[in-house]
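Chain identifiers are assigned alphabetically (A, B, ...) following the order of the sequence lines, protein sequences preceding nucleic acid strands; residue numbering begins at 1 within each chain.
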Amino acid sequence: MKAEDILSEIKKDYVLAKLKDGERIDGRKFDEFRKIEIHSGIIQKAEGSALVKLGNTQVVVGIKMQPGEPFPDTPDKGVIITNAELVPLASPTFEPGPPDEHSVELARVVDRGIRESEAIDLEKLCIEPGKKVWIIFIDIHAVDDDGNLMDASSIATISALLNTKVPASRFGLGEDFKLPIRDLPISVTSLIVGNKYLVDPSKDELSVGENTLTITTDKNDNIVAIQKSGGYMLSEELFYELLDVSARCARKIREDYLKIII
Amino acid sequence: MKAEDILSEIKKDYVLAKLKDGERIDGRKFDEFRKIEIHSGIIQKAEGSALVKLGNTQVVVGIKMQPGEPFPDTPDKGVIITNAELVPLASPTFEPGPPDEHSVELARVVDRGIRESEAIDLEKLCIEPGKKVWIIFIDIHAVDDDGNLMDASSIATISALLNTKVPASRFGLGEDFKLPIRDLPISVTSLIVGNKYLVDPSKDELSVGENTLTITTDKNDNIVAIQKSGGYMLSEELFYELLDVSARCARKIREDYLKIII
Amino acid sequence: MKAEDILSEIKKDYVLAKLKDGERIDGRKFDEFRKIEIHSGIIQKAEGSALVKLGNTQVVVGIKMQPGEPFPDTPDKGVIITNAELVPLASPTFEPGPPDEHSVELARVVDRGIRESEAIDLEKLCIEPGKKVWIIFIDIHAVDDDGNLMDASSIATISALLNTKVPASRFGLGEDFKLPIRDLPISVTSLIVGNKYLVDPSKDELSVGENTLTITTDKNDNIVAIQKSGGYMLSEELFYELLDVSARCARKIREDYLKIII
Amino acid sequence: MLKPKLIVDGKRLDGRAFDELRPIKIEADVLKRADGSCYIEMGKNKVLAAVYGPRELHPRHLQDPSKAIIRYRYNMAAFSVEERRRPGPDRRSIEISKVSKEVFEAVIMKELFPRSAIDIFVEVLQADAGSRAAGINAASVALIDAGIPVKGIVTSVAVAKVDGQLVLDPMKEEDYYGEADLPIAFLIRNGKIESITLLQMDGRMTKDEIKRVIELAKKGVMEIYRLQRDAIMRKFMVEEDEG
Amino acid sequence: MLKPKLIVDGKRLDGRAFDELRPIKIEADVLKRADGSCYIEMGKNKVLAAVYGPRELHPRHLQDPSKAIIRYRYNMAAFSVEERRRPGPDRRSIEISKVSKEVFEAVIMKELFPRSAIDIFVEVLQADAGSRAAGINAASVALIDAGIPVKGIVTSVAVAKVDGQLVLDPMKEEDYYGEADLPIAFLIRNGKIESITLLQMDGRMTKDEIKRVIELAKKGVMEIYRLQRDAIMRKFMVEEDEG
Amino acid sequence: MLKPKLIVDGKRLDGRAFDELRPIKIEADVLKRADGSCYIEMGKNKVLAAVYGPRELHPRHLQDPSKAIIRYRYNMAAFSVEERRRPGPDRRSIEISKVSKEVFEAVIMKELFPRSAIDIFVEVLQADAGSRAAGINAASVALIDAGIPVKGIVTSVAVAKVDGQLVLDPMKEEDYYGEADLPIAFLIRNGKIESITLLQMDGRMTKDEIKRVIELAKKGVMEIYRLQRDAIMRKFMVEEDEG
């Protein structure tokens, strides 16, 4: 057995022992997020950007925009392209190379939150119907994975979109304007351990098994995306409970960190 | 030695012992194909399709068509693009990933049969000379490899082409019409064992070594494609004999299964 | 320890022992190149070409040209694209596959020599400003790596460019004309062993460690490219000495082999 | 493209009731080379599943000394959709393969086969919304056909919200124009739904709607489960007849 | 493009008779690093072959405990054809590499070198129809230069049907506009043609024509074989002179 | 695009003197998961470096029984430059990774860790000329933060020739329109510059100019070196405070 496996085993036992006592290893409540820090606009060369720290987890999201062709079935709407890079700088387990299943899932779940909540008013990003619309590249760059990259990425993405300026003047398309944002989708990820949940799990907590449920809600508490991730069985009751928990946590994040009138 | 290697060794001995007695392990004659079943049109979303069963070997071929640019040196002819996927569902030895030498060879030999027999009247697939012609995508999807994917693919391909409708109306190019087919190339593959041959070899028979010769003939018994495959020495006499055998077998398949006036 | 490692160890000791006595294993002076042979125009299908032998090291460079789009920031200049293939035929250590760090470095250093010396008059390769210019593909094909592919490639590249005809007539763009060359950049690579240098190292010499310094100069002895390659420490004094040595060697090569009035 | 009306006179475009599945056909043991296999049609979806294993896993450093590694590959044939798709995995296939793999990680008794691999391959020959559910339903039968010990049968279906109405097992138009789509899979043991093994959603629904979705899905999977069971029964009865 | 007349006054475009080869130049032992090597020109084809091995094969699980693994890589330089080609293998190269590999699998005494690899690399510096044959001819000499035990020399050539006429060793125009092309390789032992090691064909020919093609090819390879033998002789005579 | 005047009234576009660095900010130990890390800003460059190791190297046949393998990956974020760049390594990144790796091969006491790997990862979040130097400066601090024995601190900077004038630490416009660019790194031990560990150049300069470039670079790196040292000091002082 390798040293790191033994360490992981010890952490797991500790998390489970605490859990039996109804506690989390860092003293948080079960529905409590770690401390959140949002640094908006840190990449001046991007149209929008944010560095989000969720405890020790850190994600940078950059938004780039350029004119391009619309999809044939939505000729009058802007296009969103979301990509996530789990670069090896961020974790000893990440490897260089094309996106693997983890980064694909991360990008797609974040993308669904933005897309399904209709957070961006894509109609306003049409330049010439059927010919030219704004393409929005959302690039998620994980830099420190101390657990729950999903929610860190979700918060960083909406934060970056909120400070995005459409670079119209650079392309001779009139004056720059703020990206029209009309909702604030927030994902909330819980670690599932038996019939218990731990919101915003840290890497140490995830040593018990990476079984999570992510629920994304919009500003009106509608559910806009769900993703069960991990090889485990989920009970219906816990799922329904987490629908409430997630909406509540998302509302709090929205109020505490994204106080913006939309 | 692994269990599967031992099993393969036993099969090989059995095939060779039978062969000494002038017999095949499944009782077929040396120039006899396994039972052929052709299910045409099974993929409604494709312009043409066929599932072919050759004994237990199963191949699905789907035909897709769309307008595109002609090759510069044949500005007034349609374009054929043939691709084969040996998906891991079909055999314990197939691996996921880009086409390897086996699937490339399969696609190219089938393609040559179609192309060199001029089975498709490509001139009739010109929409606007030099600018726009019909592109025909032939996609060969192996689903069960019990030996001789080559001939199963060849039969499935011509069967699929025979039920292909050119989707002109979908692209605003007039009425749909039947793909103009004017020949029925059929490949016949033989396993070579010393100076003997076994037509349409099964997987068990191929355990003696994957040394084959594929000869494709058109409806007038012309040879339109040959492919020696496998690291073995072929005698001239056997080759000449197989030219006859292959033409005979192909004729029978054409008559028994593809009774279509062309 | 593998046989090849032991052999390499023995070679290394021999090189170092000789070096102590102030000698090279093949009797060359420290600033002496191996015998150079240039065979120009050997690839008739290319617009320009050269095979260069540097001792036993052999490199073929082929030049292809075709009209294409200029870079947006140099709308009135031709485009240079340089690529190097270290094919496994050339060395037991080369592997098939996309360019690795060695071939990328080789291509980029040769490219910089050509580009920064402004050896090609790119303004004369503009066909229609902003729309169409000549694209020059420089393809470096290593065929025998007996050390110092860098300088062999550099000499082969300028030699190939010198016999390049712009194929204007093939593209209906007027008469063919000689590629306008106005400088003769030559790279000189030295192996660094402690505070000693060996110009144009052979493979055997490189067994002491592949620590090299490449300095490319133009016809006026200006330095146009430098590349330190290998994990070693270089002293300032040696670097300055090599600036002189490299310019001197390059001048000699230019005079001995590329006697062309520019 | 103009969105068509998807519900007309209380019926769906293909005439189905809101809680009605598309026609389903399931056949086990359809491939010779695979250790287990299954063919399924759910509406216009035509899907093959094959299971290989437990078998040796290469390279060795990927082996897990405590259990079998489960691999799942969801793949679409080039001709399976309207526009020819380029062969090879795209991002959608990668995600579907991941969540489907996790379904079976929870269900296969993988501790029985340390150091080995169990491979599940799903080939979509024709797709029409719901192909991931079809693949999971077929894979579940193929696993049993392969004789691999499982905790129960997994059954999957999707529920969509279209024109404000929740509908079971959406076909392509409902999926494309609908307001929400929720694919789900359950573990069924002794004929009873035990727990959720796959759960995804995109669209926009209230908590209340989601609860109704789950109820609708449960109705659907019980019907599919019976067809899976029948297919398995038919296969083993044939074997006994032959035996 | 209009097809030109390929046969004029009973002669081919380059003045050759129907059964005449293009000029051939063969030189053995032209590369230092390779264990064996050969350079060949067949008409405008300019081709290098190198042999490395027998040598250790990595990763280990690819090793065959009973014999050497033969690998063959046919590769075209970017500048070898009219239009610059993008480096790396395309489908044509992959197929040629496969059938050429099989030629040498039949000919190398690979049982003598269990667990090892013998690598044959062919680089086409200039191509003009027949580069696969040129590569095989060069590889065969390179193998002997490398001292690898073989059952004989392999010699390859193509025969084409152009304007209804069978012609030996077609050049590019004949290959491009011709009605059929048949590349073939034979094992030659003690100066006698023994059997066929490579055989491919595309086009349209009768059985009778094919028999005549084979006869024509046999005439061609015997001439090439003599040049291969000479190249090998020259190399060993040089070595003796030097020794 | 017209080249702007880069030197006006003896000052550079951003008001700097010829021998003046851009503002620099260095912070050590900024990442939790990495064994060592560093964040640096040099002008508009924003760069993170992380060190992992010494750690086991897979696959085993890549291990060196006599020393650690050093790996270095320089990577630019998609949003780090004006036009969004496609993720993944391009030729420029591959070359920078190679020469940067070699810097640390010369400096890390790699003989102490046979069979293992030491990984250095550099992520450029924003680039503005000089990102390779920034990466090396950050990596050098990250190595010390990771406790990996080194022969000294490595410090890197570039010098450019613009409008005929040699200038220290060029920003993007100077790099783009300048006549020459020379990135260099030195090993600094006990506060003294000892030798050159990275050296590249493109452009056109005389020997004499290059000597002046080196002097200018030496002035620059000594200033950067002090900031690296301070960052390391701050980090260890914090640890002592906490300890």
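Neither the backbone nor the side chain of C:Asn220 comes within less than 4.5 Å of any heavy atom in chain F. Residue F:Lys218 touches chain C through its side chain alone, counting heavy-atom pairs closer than 4.5 Å. Heavy atoms of C:Tyr232 lying under 4.5 Å from chain F belong exclusively to its backbone.
At least one donor-acceptor pair under 3.5 Å links the side chain of F:Arg204 to the backbone N or O of C:Ser117. Put simply, the side chain of C:Ser153 gets close to the backbone of C:Leu149: a donor and an acceptor are under 3.5 Å apart. The closest donor-acceptor contact from the side chain of C:Asp218 to the backbone of C:Asn222 lies under 3.5 Å.
For the set C:Val104, C:Val224, C:Leu238, the count of heavy-atom pairs under 4.5 angstrom toward chain F peaks at C:Val224. For the set C:Pro99, C:Ala247, C:Ser235, C:Ser229, the entry with the most heavy-atom pairs within less than 4.5 Å of chain F is C:Ser229. For the options F:Ile214, F:Leu182, F:Val99, F:Leu187, heavy-atom pairs under 4.5 Å to chain C are most numerous at F:Ile214. With chain C as partner, the option from F:Ile193, F:Asp202, F:Thr197 having the largest number of non-hydrogen pairs under 4.5 angstrom is F:Asp202.
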| task | Apply side-chain hydrogen bond (donor to acceptor under 3.5 Å, both in side chains) to F:Ser93 and F:Asp90, showing your working. | result | CA-CA 5 Å; F:Ser93 306; F:Asp90 57 11; 2.7 Å; yes
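Electrostatic pairing of C:Arg108 and C:Asp111 does not count as a salt bridge here, judged by no charged N lying under 4.0 Å from a carboxylate O.
Pairing each heavy atom of C:Gly113 with each of C:Ala225, the nearest pair is N-CB, 4.3 Å.
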